[in-house]
Amino acid sequence: MKKIYLLSLAAVAALPSTLMAEIPEGYYDNLKGLSGADLKNAIYNTIKNPKAPGYGPGANKTWWAFYETDQLPDGTYLNRYSDLKFEVGERGSRPKKDIKGTTNSKGNYIEMNIEHSFPKSWWGGTEGTIYNDLFNLYPSDNSTNSAKSNLVMDRVANVSTDDGYTKIGKGTNVSENVWEPIDKYKGDFSRGYMYMISAWQNYTWVKVGLQFLDNNQYPTFKQWAADLYSEWCRLDEPDQIEIDRNEAVYRIQGNRNPYIDFPNLFEYLWGDSTDCAFDPEKTVVAGGGIYRPASPLDPANPDHYYRMEILYAADYTTADNGVTETTVKAPDASSSVWNRSSQYGWVANSYIGDIRYESDATLYTEEIDLAATTNAYMQFEHAVNFLPGKCPEYLTVSVVCDGVDTPINDLVTWPAGNSWSFIKSGIIDLSVYAGKKVRIGFRYTSTTSTCGAWEIKNIELRGGSTSGIDNIFDTPVEFDPSLPAEYYTIDGRRVHPSTSGLLIVRQRGRTYKILR
């Protein structure tokens with residue numbers, strides 16, 4: 001019999017907003033009305049192909065991602081496999097090198113590992129995005145990591161190893177050795193396994209993985225695994241740490257774990273509601289309450305900014321990304337003002353051979369198309385040295401649109417000018433350019449007495465439509481009538497989808513004016 005998950009409106013209103021999952025509007029629209037194999041396939045199409053970071057140490061890689069995903073308020077890093085915690089620099093800081101360890105009560109150094117909860121051998125060991133997926137990676141001590149190995153997660157029947165967090169021994173459902181997590185993380189790991197067989201259902205499972213998986217789109221889990229992991233999900237629902245981690249991973253790699261967002265989603269796939277249609281708008285979300293899209297968005301709020309659609313992104317530490325340089329004056333015929341570094345991005349500097357040169361050169365991004373937006377916001381990371389308190393005097397950020405180059409220095413958060421530390425530019429509103437094409441310019445100037453260094457590591461633009469039907473994109477567009485949408489008259493009255501005439505349509509976070 002289907003379980004009913006309903007709350008009164010008064011109960012929903014009383015829930016603390018900080019505890020609830022903040023699901024982007026329209027993100028799960030294609031799950032509505034589905035169940036079983038169709039539902040799992042729709043989940044796959046929603047969360048597949050994440051933009052996972054690189055693997056290992058270094059900027060924008062998995063070690064560094066743990067700063068965002070697994071750091072606790074006291075500055076330590078959560079280890080779900082044992083009671084050992086790790087200290088990796090101060091909270092909010094990113095030290096020059098990775099300190100990956102801690103010291104136990106006996107004074108022994110314990111190495112911190114990046115642990116694949118869902119071992120790579122289960123899909124044949126192929127590296128790449130699946131290998132780097134943060135939903136499958138957690139900090140772990142090396143001893144537990146080695147003991148867990150590539151064992152199947154099961155309830156341990158005959159314990160051979162038990163550190164109070166992770167048990168190893170003969171399984172209840174698997175005759176060989178298995179591992180069992182502590183009660184408070186059983187739901188976390190179960191939802192992680194559900195995510196893996198959904199986001200990567202196009203992979204073939206091999207070796208030990210076949211002890212609990214079948215190579216089919218659905219149900220994929222063997223029956224015992226579906227029953228056990230469903231049980232653990234019911235006993236251990238997402239807590240604030242798991243909810244926050246879901247949001248942090250989403251900000252980094254652009255996809256979510258739906259089994260965290262909707263704690264009862266598994267019931268429609270492997271539990272008591274497999275014969276019922278799932279509706280994201282009428283189900284419980286993590287933290288309690290009924291799903292209400294987190295809208296309108298406030299771009300000044302960084303959490304809201306990171307939930308917006310990425311319109312353009314360029315990482316200058318990995319590629320040129322189509323930039324061009326216009327040089328008015330260079331140090332000499334053989335020297336360029338702007339040069340790219342794999343560590344720092346694009347770097348402008350005219351201090352060569354202990355001599356300060358006069359220079360003037362602008363780096364322009366490739367053309368960025370904002371035609372399908374009603375608003376847009378920009379943010380980039382930069383560092384400035386040898387210009388203490390003088391950045392806007394010698395450096396300029398501008399927007400080029402319709403042949404006009406407009407400086408926007410007053411909108412930029414500038415570094416102090418005396419350090420190599422990168423800071424974010426702040427969220428810069430470019431909505432006045434919505435519907436057009438732009439280039440972003442970074443102009444560097446220097447003199448024979450004042451010669452700074454400017455580093456631009458990356459840049460991104462986000463946006464779409466964030467304010468209901470207030471912002472309208474007038475250019476005629478085609479949209480998919482089979483997808484969910486809201487239809488309004490020109491005066492804002494909601495109407496049936498079959499209505500003809502001049503309409504305002506909201507679909508997938510964007511607002512359009514159409515005539516039909």
- prompt: Are the charged groups of Glu242 and Arg191 less than 4.0 angstrom apart, N to O?
  reply: yes

task: Could you verify whether a donor N or O on one side chain and an acceptor N or O on the other, from Glu460 and Asn458, lie under 3.5 Å apart?
output: no

message: Measuring from atom OH of Tyr394 to atom SG of Cys451, what distance do you get when rounded to the nearest 0.5 angstrom?
response: 10.0 Å

task: Answer yes when Arg80 and Glu115 have at least one side-chain N-carboxylate O distance shorter than 4.0 Å, and no when they do not.
output: no

- line: The single option from Phe189, Phe118, Phe66, Tyr185 that satisfies ring-ring contact (aromatic ring centres under 6.0 Å, His included) with Tyr138 is Phe189

query: How about Thr46 and Asn30: does a side-chain donor come under 3.5 Å of a side-chain acceptor?
result: yes

query: Parallel under 30°, tilted from 30 to 60°, perpendicular over 60°: which one fits the rings of His382 and Trp414?
result: tilted

message: Between Phe442 and Tyr364 (judged by ring centroids, cut-off 6.0 Å), do the two rings come close enough to count as a pair?
response: no

message: When you compare the side chains of Thr327 and Glu325, does any donor N or O come within less than 3.5 Å of an acceptor on the partner?
response: yes

message: Tell me the closest heavy-atom pair linking Ile423 and Thr413, and the distance in Å.
response: CD1-O, 3.8 Å

- prompt: Quick one: does Asp133's side chain get under 4.5 Å of Pro50's, heavy atoms only?
  reply: yes

message: If you define the side chain from C-beta out and look only at heavy atoms, does anything of Ile23 sit under 4.5 Å from Arg256?
response: yes

message: Strictly distance-based, threshold 3.5 Å: is any side-chain N or O of Thr406 a donor or acceptor partner for the main-chain N or O of Ser398?
response: no

query: Any chance NZ of Lys437 has more than 12 other-residue heavy atoms, nucleotides or ligands included, within less than 6.0 Å?
result: no

query: Do Pro331 and Val337 touch side chain to side chain, with heavy atoms closer than 4.5 Å?
result: yes

Distance, nearest 0.5 Å, that separates OH of Tyr27 from CG of Asp29: 12.0 Å

message: Students often mix this up, so state it plainly: with edges at 30° and 60°, are the rings of Trp123 and Tyr131 parallel, tilted or perpendicular?
response: perpendicular

query: Is the backbone of Thr317 close enough, under 3.5 Å, to the side chain of Ser342 for a donor and an acceptor to pair up by distance?
result: no

message: Would you say that Leu31 contacts Ile43 through its side chain, given a criterion of any heavy-atom pair below 4.5 Å between the two side chains?
response: yes

Cut-off 3.5 Å, no hydrogens considered: what does the side-chain donor-acceptor table look like for residues 345-352, sequence neighbours left out?
from, atom 1, to, atom 2, distance (Å)
Asn349, OD1, Tyr351, N, 3.2
Ser350, OG, Ser359, OG, 2.6

task: Give a yes-or-no answer on whether the side chains of Tyr28 and Glu281 include a donor-acceptor pair shorter than 3.5 Å.
output: no

task: Anything under 30° is parallel, anything over 60° is perpendicular, the rest tilted; go ahead and classify Phe135 against Tyr195.
output: tilted

message: Between Asn409 and Val397 (side chain of the first, backbone of the second, donor and acceptor by atom type, cut-off under 3.5 Å), is there such a pair?
response: yes

message: Contact between Asp70 and Arg245 at the side-chain level, heavy atoms closer than 4.5 Å - yes or no?
response: yes

query: Are Lys186 and Asp236 ion-paired here, with the side-chain N under 4.0 Å from a carboxylate O?
result: no

- request: Inspect the contact between Lys457 and Asp315 and indicate whether a charged nitrogen and a carboxylate oxygen are less than 4.0 angstrom apart.
  value: no

- request: Taking the side chain as every heavy atom from C-beta outward, state whether Tyr357 and Ser446 have any atom pair closer than 4.5 Å.
  value: no

query: Within a radius of less than 6.0 Å around OH of Tyr433, do more than 12 heavy atoms belonging to other residues, nucleotides or ligands occur?
result: yes

- prompt: Can Arg462 be said to sit on top of Tyr377's aromatic six-ring, NZ or CZ under 6.0 Å from centre and within 45° of the ring axis?
  reply: no

Atom pair CD1/CG of Ile368 and Leu461 - distance to nearest 0.5 Å: 5.0 Å

query: How are the rings of Trp454 and Trp338 set relative to one another: parallel (under 30°), tilted (30 to 60°) or perpendicular (over 60°)?
result: tilted

- prompt: Just by distance, with hydrogens left out, do Thr447 and Ser449 show a side-chain donor and acceptor under 3.5 Å apart?
  reply: yes

task: Quick one: do Ser335 and Asp332 satisfy side-chain hydrogen bond (donor to acceptor under 3.5 Å, both in side chains)? Show the steps, please.
output: CA-CA 6 Å; Ser335 301; Asp332 56 54; 3.0 Å; yes

query: Is there side-chain contact between Thr450 and Leu387, with heavy atoms separated by less than 4.5 Å?
result: yes

